Protein chains: 2
Amino acid sequence: MNIGQAAKASGISEKMIRYYESIGLIAPVRRTASGYRIFSEQDVHALRFISRARDLGFSVEQMGNLLALWQDRHRASADVKAVAQAHIEELDDKIEKLQGMRRTLEHLVKHCHGDERPECPILGDLAAESLELEAGTP
Amino acid sequence: MNIGQAAKASGISEKMIRYYESIGLIAPVRRTASGYRIFSEQDVHALRFISRARDLGFSVEQMGNLLALWQDRHRASADVKAVAQAHIEELDDKIEKLQGMRRTLEHLVKHCHGDERPECPILGDLAAESLELEAGTP
DNA sequence: CTTGACCTTACAATAATGGGAAGGTTTATG
DNA sequence: CATAAACCTTCCCATTATTGTAAGGTCAAG
């Protein structure tokens, strides 16, 4: 299997496969005499593993940890669980941050007439001209 | 006011102030004979505007639009509202994506024993060895 | 007049990805 | 067999927003 086929089979672009190799996330694969990469089923399996981990939002570093655990027959599932839980917390942080932004913005949008006139509480809030809408006094 | 004071007053780092100037988000401010930047109250006001917009997750490009609207006396609030609403949709997309990841991960974590044994549904799912946990057959 | 705290520019790095150029290789077709 | 299309290779650049660092100029206080 050459890199194009491996890319299709794994859902990771050729570019990213080369990148993952260059940073050591995956080991260099075999090459033909002329330098073309040859991917075994095993190699593609690892790429699919990465693809799924990536879909779950794991960073390259976390994927490295997961791959190492995956390939370690004597791993403890507790270690895997710890990585996953840490990632859940990261996700929660991001989600909460975005939701906070969303709430504030939603509030401002609700109070904006959205017509031809220039008066606008959204700009008012950004310029802090007006009476602190929302901002933390519940 | 020099850049250090403007940074403290606005909550934007010196670095980022220079950067925002370099990319044209803010106009170049006055300089002393020796080249030090001098920030007026107006300049700092604009920086605070940017700081708040940034806290709401607006991109540099969006902040540029908002600044332009802010400084346009004849703006229509509808235009501001449109920018804000577009951003809310972006936030919603991001939130939904993260929540999807979180749900899947939570599900996997729940089924992982988290002990000394190597068996782990989290790795199993990433390797797609097992019976498609979660993945779209409700 | 020196020291330390400031300022200046310029360049590099981060994380993950895409784009393209310049050139070698394999495959299909005439 | 020759040639063209479709691959592959490496290398460099761009992205977004931000921080770090280095080398050097300036200012205020002692």
Side-chain angles (χ1 to χ4, degrees), chain A residues 1-26 28-40 43-44 47 49-67 86-87 90-91 93-94 97-98 101, chain B residues 1-26 28-40 43-44 47 49-67 86-87 90-91 93-94 97-98 101:
Chain A
M1 232 167 171
N2 60 26
I3 200 171
Q5 298 168 304
K8 267 181 200 154
S10 66
I12 297 182
S13 70
E14 302 178 20
K15 280 280 190 198
M16 290 311 295
I17 294 176
R18 294 195 194 98
Y19 172 69
Y20 288 150
E21 184 194 273
S22 79
I23 62 172
L25 179 63
I26 57 178
V29 300
R30 274 191 312 136
R31 302 274 189 139
T32 65
S34 56
Y36 282 27
R37 288 177 182 79
I38 312 173
F39 292 81
S40 67
D43 295 329
V44 173
L47 289 175
F49 183 100
I50 289 170
S51 177
R52 282 168 208 259
R54 199 172 55 166
D55 287 347
L56 290 176
F58 285 103
S59 69
V60 167
E61 194 184 346
Q62 289 169 318
M63 290 193 289
N65 296 335
L66 290 173
L67 277 168
H87 184 43
E90 285 176 22
L91 289 173
D93 288 350
K94 285 188 193 172
K97 204 170 151 194
L98 293 176
M101 295 176 184
Chain B
M1 230 166 173
N2 60 28
I3 200 170
Q5 299 168 303
K8 267 180 200 153
S10 66
I12 297 182
S13 71
E14 303 179 18
K15 279 282 185 197
M16 290 310 295
I17 294 175
R18 294 194 193 99
Y19 171 69
Y20 288 150
E21 184 194 274
S22 79
I23 61 170
L25 179 63
I26 57 176
V29 299
R30 273 190 312 136
R31 302 273 189 139
T32 65
S34 56
Y36 283 27
R37 288 178 182 78
I38 312 173
F39 292 80
S40 67
D43 295 329
V44 174
L47 289 176
F49 183 99
I50 289 170
S51 176
R52 283 168 206 259
R54 202 173 51 167
D55 287 347
L56 290 176
F58 284 103
S59 69
V60 167
E61 194 185 348
Q62 289 170 319
M63 290 194 288
N65 296 336
L66 289 172
L67 277 168
H87 184 43
E90 284 175 23
L91 289 173
D93 288 349
K94 285 185 194 173
K97 203 170 150 193
L98 293 176
M101 294 176 185

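First the proteins, then the strands, lettered A, B, ... as listed; each starts at 1. In this text, all values refer to a predicted model and were calculated from it rather than measured experimentally.
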Any residue meeting side chain to side chain donor-acceptor pair (under 3.5 Å) with A/Ser34, in chain and number order, not counting sequence neighbours: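 Residues passing side chain to side chain donor-acceptor pair (under 3.5 Å) with A/Ser34: A/Thr32.
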
Whether B/Ser10 side chain and B/Ala6 backbone form a donor-acceptor pair below 3.5 Å: yes

Straight-line distance of A/Met101 CE to B/Phe58 CZ, nearest 0.5 Å: 10.0 Å

Pairs meeting criterion salt bridge (charged side-chain N to carboxylate O under 4.0 Å, His left out) with involvement of residues 7-18 of chain A, two or more places apart: A/Glu14-A/Arg18

Rounded distance (Å) that lies between atom [atom2] of [N] and atom [atom1] of [X]:
X	N	atom1	atom2	result
A/Asp55	C/dT17	CG	P	10 Å
B/Met1	C/dC6	CE	P	14 Å
A/Ile12	C/dG18	CD1	P	11 Å
A/Lys94	C/dA15	NZ	P	13 Å
A/Arg54	C/dA16	CZ	P	10 Å

Touch class at under 4.0 angstrom, heavy-atom based, for A/Ser13 against every strand present: sugar-phosphate

Pair B/Glu21 + B/Arg31: basic N to acidic O under 4.0 Å: yes

Flag side-chain contact, heavy atom, 4.5 Å: A/Ile38 against A/Asp43: no

side-chain N/O B/Tyr20 vs D/dA17 OP1/OP2, d < 4.0 Å: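 It does not, given that no N or O in the side chain of B/Tyr20 lies less than 4.0 Å from OP1 or OP2 of D/dA17.
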
Protein proximity profile, nucleotides 4-16 of chain D - base contact B, sugar-phosphate-only contact S, no contact -, cut-off 4.0 Å on heavy atoms: ---BSBBB-----

